Amino acid sequence: MVQPTVAWREDGTPVSPRFGDIYRSLSGLTQAREVFLRGCGLLPGEPERAAGAADAGDVPPLPAAGQAPESTAAGVLTTTTLSEASPADPAPPSPCAWAHAASWAVLETGFGLGLNFLATWQAWREDPARPQRLFYSAVEAWPPDAADLLRSAAPYPGLRPLAEALAAEWHGLLPGLHRLRLDEGRVQLTLAVGDVRAMLAELSGRFDSVYLDGFDPARNPDMWGLPVLKAVTRLARPGARAATWSVAASVREGLTTCGFVVERVPGPPPKRSVLRATLAPHWSPKRRTMPDAPVQAAAPGHCVVVGAGLAGASVAYSLAQRGWQVTVLDQADEPATGASGLPAGVVAPHVSPDDRPVSRLTRAGARATLARATALLQDGVDFAATGVLERHAPGERRLPADWLVALANAPATPTAQATAPESWPDTDPRTQQRAQAASVPLDEHHLALWHAHAGWIRPAALVRAMLGAPGISWKGRAKVTGLRAVGSRWQVLGELASAPGAVALANALPTPDAAEARALTPVVHATAATGTAPLDAAAADPRNLIPTVLAEADLVFVTAGFGTLGVLGAAGDGTALPLHALRGQVAWGPMPLAGDFGDFGDASAAGLVDAAAMPPFPVNGHGSLIAHVPTDTGAPLWVTGSTFERGQAQAVLRDEDHAHNRTRLAELLPAAAKVLDAHWADGRARPWAGVRATLPDRLPAVGAWATGVASESDSNPPPAQQPPAPAAITSAANQGLLPVHVLTGLGARGLTLAVLCGEIAAAWLHDEPLPVEATLARKLRAGRFWGID
């Protein structure tokens, strides 16, 4: 029998059978607030509670000048006007350590039942001077079930809505890092599941507060050893405050050895004393950096993003959320006219028996994309987390062996799936039920996986929603032809189409005279379009193109898919970013009507066939089918495909590919193919094509990239074809420039990976905790193609 993670005493105290110790006392919230939050300066400077004070659970919010925030039952902050304070009123409390910060990062060594996190989240919500973003990273080797999280928070009414929001995200917590986005993305919990030493090595960023929490050192000594404390110190900022309830001599000595100034102070009952510490070493800590280490921005400024597809919109959104002003340039009339203009696509993880990097990356990416869609789109209209059934041949999609063990031991209740995988094999009853609903036979030739947290999305809708965020402006009909370093800023050079859609933009930008135009010698000269969608005839006419400085910026991101090569100055001789074009073609059309079912019988029978033949969730494998996709006109669509043609950089439509998609659908879903067969004959099945970009290792390229850096004062600028090297990045930094950054190579997984990679790029720039393991993120660095280990 599998040992439970949490056991509960009759008085409501949670206990760990594994360690023989309690998770918390009955006054758990008081312990969380008085030991950890107050110890790290995250509560206002109010007087200490009297000894033995009751644990109220609902903590009064901190009043602001003239207003007082209140927690509603839904956990939403509201305000109530206060009358003018009388002279006898006490002085306002001193502000918290995080007051008015742009962001704040907390590190906890033992998440447990999440009470410290919930208390910190509550304090953050109730502080009018709270930081804009709260990052909370915690290690936990044995994640509890969602039901235990809810039971632990139940005695504290103020925490209940927060616990419910956390429980809704509490799924699929396999070993590794998981980013849970809460409070509209302003609170981001990074849960590191695994051994504390291994997981601390995978965490990144710099932390302002440290909660040293774990079971008693005598029962769990590995949690408190010097290697763990050194790992914590590596992640802490100078001046970071740490707090712990343990006053063991070994803990005090370890913290002192690591450079903390340790103080022993009275603790809340029943604790006689607790520890507080501040990182103030007598030496200068060194952080090991790699030659292609992420380049960090001093502060948010102005960024230009080249390309208005999923990659560009994701980067723009992530930067705008951190205070950047972002201008997105694209040569097309509308955003998402290239590969991101796919009518609808599947968001699902890849699985492999060794859980390779692409599997872990897509698992994190699917969670990130669906969270972004939930925040910005209309559920059931622009996306739906319906789950995805993946059909495969024997041996093609085997689950890791430890997943099968976890599935066998997973509790059956819906709220008890924390450590259970989210991709279930054909032997699982849930998968069999979905396969039956989709008319997919399961036998020795047809196996399947059910991806529970997956679904479909309309990518153009997501692109438009992200580009509509505050701080982002989009400008179309702007063809980028080069970049030039001028002082400490980049100039983005290009051509504007003097067509109706671009008149306002052209009038708003400076137009150089002929002499200045001849002097524009870009460091990087673009010879290819930024995207695959061509301009119309008016825009393509050279007489309508106006050479100009399109924008100036502190930072440039090139996210133009295969067109990135042109913007970066592709030499075509193997020295550039090794992108390859990948053309894909799908078929789409209107959902069939009752009379379309031919041999299936009358309309009532046809309706039954429709329900079985056109599944309510995507089915993929060798090809895919997404049915019942809503549209702006109200008529739902189906989408099937896609083909893969390497080396083709033009989004041409091919009759043979259209026929091939028909054949693949018949192999994937015979019943659906029979229903839709007439659509190919009468033209209702229409083709669509786009061009993606891939890299040799099938992973994206994220981060700094340069083909040589020169300023306008250089007499002999390096040629555009100069191969990238770390020296180019260093040269940019020496001039006060951030190097040109890229996000490209997403291949056919753009819907699953773009949002995640945008967050990784922004986290690198701001030295924030990454949403994935540090070793996994490193595999995505564009600099890996410089040959650096």
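Every value quoted in this text rests on a predicted model; they were computed, and no experiment measured them.
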List for me each residue that meets ring-ring contact (aromatic ring centres under 6.0 Å, His included) alongside His350, sequence neighbours excluded, and say none if there are none.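 None.
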
Residues which pass ring-ring contact (aromatic ring centres under 6.0 Å, His included) with His658, listed by chain and number, not counting sequence neighbours: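 For His658 the ring-ring contact (aromatic ring centres under 6.0 Å, His included) partners, ignoring immediate neighbours, are Trp680.
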
Any heavy-atom pair between the side chains of [Y] and [X] that's under 4.5 Å?
X      : Y      : result
Pro615 : Arg434 : no
Val492 : Leu483 : yes
Trp403 : Pro425 : no
Leu376 : Met466 : yes
Pro636 : Thr631 : no
Val639 : Leu625 : no

If only side-chain N and O atoms count, and only distance matters, is there a donor-acceptor pair under 3.5 Å linking [Y] with [X]?
X      : Y      : answer
Glu422 : His451 : no
Arg664 : His622 : no
Thr752 : Thr369 : no
His302 : Thr327 : yes

Inter-residue atom distance [X].[atom1] - [Y].[atom2], 0.5 Å rounding:
X      : Y      : atom1 : atom2 : result
Trp638 : Trp588 : CH2   : CH2   : 9.5 Å
Glu773 : Ser204 : CD    : OG    : 10.0 Å
Trp456 : His628 : CH2   : NE2   : 11.0 Å
Glu390 : Asn620 : CD    : CG    : 5.0 Å

Does Arg477 form a side-chain contact (heavy atoms from CB on, under 4.5 Å) with Asp333? I'd like the steps, not just the answer. CA-CA 6 Å; Arg477 293 180 175 267; Asp333 290 335; 2.6 Å; yes

Could you tabulate the donor-acceptor pairs under 3.5 Å formed by side-chain atoms of residues 739-750, not counting sequence neighbours?
| residue | atom | partner | partner atom | Å |
| --- | --- | --- | --- | --- |
| His741 | ND1 | Pro739 | O | 2.7 |
| Thr744 | OG1 | Gly561 | O | 3.2 |

Which residues share a side chain to side chain contact (heavy atoms under 4.5 Å, CB included) with [X], sequence neighbours left out:
X      : value
Asp379 : Phe383, Ala384
Ala336 : Ser340, Ala460, Val463
Gln378 : Val381, Asp382
Thr431 : Leu389, Trp424, Asp428, Ala448, Trp450

Show me the side-chain donor-acceptor pairs of residues 753-765 shorter than 3.5 Å, one per line, residues at least two apart or across chains.
| residue | atom | partner | partner atom | Å |
| --- | --- | --- | --- | --- |
| Glu759 | OE1 | Arg322 | NH2 | 3.1 |
| Glu759 | OE2 | Ser318 | OG | 2.7 |
| Glu759 | OE2 | Arg322 | NH1 | 3.3 |

Salt bridge between [X] and [Y], side-chain N to carboxylate O under 4.0 Å?
X      : Y      : value
Arg458 : Asp632 : yes
Lys779 : Asp697 : no
Asp330 : Lys475 : no

Is the side chain of [X] donor-acceptor paired with the backbone N or O of [Y] at a distance under 3.5 Å, no angle test?
X      : Y      : answer
Glu645 : Leu582 : no
Arg654 : Val652 : no
Thr640 : Ser624 : yes

I need the minimum non-hydrogen distance between Gly307 and Thr559, along with the two atoms involved.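 Nearest heavy atoms, Gly307 then Thr559: O-OG1, 3.3 Å.
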
Applying salt bridge (Lys or Arg N to Asp or Glu O under 4.0 Å), which residue pairs with at least one partner in residues 337-355 are found, sequence neighbours left out?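 Residue pairs passing salt bridge (Lys or Arg N to Asp or Glu O under 4.0 Å), neighbours aside: Asp354-Arg356, Asp355-Arg363.
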
Which residue pairs satisfy the salt bridge (Lys or Arg N to Asp or Glu O under 4.0 Å) criterion with at least one member in residues 554-566, sequence neighbours excluded?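 Counting only pairs at least two positions apart or across chains, the salt bridge (Lys or Arg N to Asp or Glu O under 4.0 Å) contacts touching residues 554-566 are Arg489-Asp554.
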
Who passes side chain to side chain donor-acceptor pair (under 3.5 Å) against Gln585, sequence neighbours left out?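 Scan of Gln585 (side chain to side chain donor-acceptor pair (under 3.5 Å), adjacent residues dropped) gives Arg583.
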
Using the test side chain to side chain donor-acceptor pair (under 3.5 Å), find all partners of His580 that sit at least two apart in sequence or belong to another chain.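 With neighbours one apart ignored, the set is empty.
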
